[in-house]
Amino acid sequence: MASYDNSRYTYAQVLSGTGYYKQDSNLKYSLGVKTMQTKLNNAGFWCGTPDGKFGADTDAMVRNFQDAYGLTVDGAAGQSTLAKLDAVSPSSSSFSKTSGTYGVYFDSANKRFLHNQQIVYERLKNAGLRDIAIAGFMGNFEAEHEFKTSMSGTGGAVGLVQWADSRKTNLQKYASALNKDILLITVQAGFILEECKQGGTYADSVAVSCLKNLKNTSTVKTVRNAADYVTAQYERCHNHASWTAVQNCSSCTTSRHSESANDYNGKYYLDTPKRRGYAQAYYDCMY
């Protein structure tokens, strides 16, 4: 990624056909980029708090916006992208954060989540999952990477799920086979199901088991159950075998764990309070 001075052009100039905005390694402030981020947020393509800096997360959301509206997916926000954005973005957002410690953005009037969240919800729903199971996935994805599809994360992990190692490689192969941009939520949501598909090209045996358990109503009965099964079998994040081990871990922050062990295997996983809390918040929006 190279540096690019987005401050050279006002929003009005780009809208009229002069210049464009794109990712900038120096993250130089641009009022036009801040205006674009605000409009993307209002349209449901969440960039986070508008800061006028065109980083990896804004790049990914621009690409997802372009894909959603049939534009060339290149991450360069030029005249056609801003014109479509102006046409579909309301003057103020219809999305508001639900109450509680683990609030999530939801359009209660139209019963819709933000774009990335809505795509994941629809894909999982169409795959036959119950809302309890879907909430388990969504709570984990919110806690893991806030539904961001950008190729950034801790220790080289990438995307919505923070895929790493062979799973990261398989995601790259899957996107290549589709001839699609790897940053698209449609691609990453599709890959989730591919990992969970018994006998599929990209099947992951533990993910396959996870989906099977989530569909078993006698095994997974609550939102917490679902969140914990996804944490242990799909996300497989940092964990300890006992609460004492968490307390004795020099690199652990105990507040990021829960003394209540995982419902699937009795272990203690990083960010369990967030994973369970967000899962319940997403589930509450479904009803």
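Reckoned from all heavy atoms, side chains included, excluding hydrogens, waters and symmetry mates. Every value quoted in this text rests on a predicted model; they were computed, and no experiment measured them.
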Between the side chains of [X] and [Y], does any donor sit under 3.5 Å from an acceptor?
| X | Y | result |
| --- | --- | --- |
| Gln280 | Asp284 | yes |
| Tyr287 | Asp131 | yes |
| Thr149 | Gln188 | no |
| Asn213 | Thr219 | no |
| Thr72 | Asp74 | no |
| Ser152 | Ser150 | yes |
| Asn6 | Asp24 | no |
| Asn225 | Thr222 | yes |
| Gln79 | Ser16 | no |
| Tyr229 | Asn216 | no |
| Ser260 | Arg224 | yes |
| Thr81 | Gln66 | yes |

Would you confirm whether [X], through its side chain, and [Y], through its main-chain N or O, come within 3.5 Å as a donor-acceptor pair?
| X | Y | answer |
| --- | --- | --- |
| Arg8 | Asp5 | yes |
| Glu144 | Gln162 | no |
| Ser176 | Gln172 | no |
| Thr253 | Arg256 | no |
| Tyr282 | Tyr121 | no |
| Asp67 | Arg63 | no |
| Asn248 | Val246 | no |

Subject >> Value rounded to 0.5 Å, distance of SG in Cys196 from OH in Tyr202 >> reply: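 Atom-to-atom, Cys196:SG and Tyr202:OH are 15.0 Å apart.
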Original post:
At their closest point, which heavy atom of Asn140 faces which heavy atom of Ala227, and how far apart are they?
Top reply: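 Heavy atoms only, the tightest pair is ND2-O, 3.0 Å.
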Subject >> For Ala232, all residues meeting side-chain contact (heavy atoms from CB on, under 4.5 Å), sequence neighbours excluded >> reply: Asn262, Tyr264, Asn265, Tyr269
Original post:
Who passes side-chain contact (heavy atoms from CB on, under 4.5 Å) against Pro273, sequence neighbours left out?
Top reply: Tyr102, Ser258
Original post:
Quick one: salt bridge (Lys or Arg N to Asp or Glu O under 4.0 Å) pairs with a partner in residues 163-173, sequence neighbours left out?
Top reply: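 Non-adjacent pairs meeting salt bridge (Lys or Arg N to Asp or Glu O under 4.0 Å): Arg167-Glu195.
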**OP:** Indicate the ring-plane relationship of His257 and His240, choosing parallel, tilted or perpendicular according to the 30° and 60° boundaries.
**Re:**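 Judged by the thresholds at 30° and 60°, the geometry between His257 and His240 is tilted.
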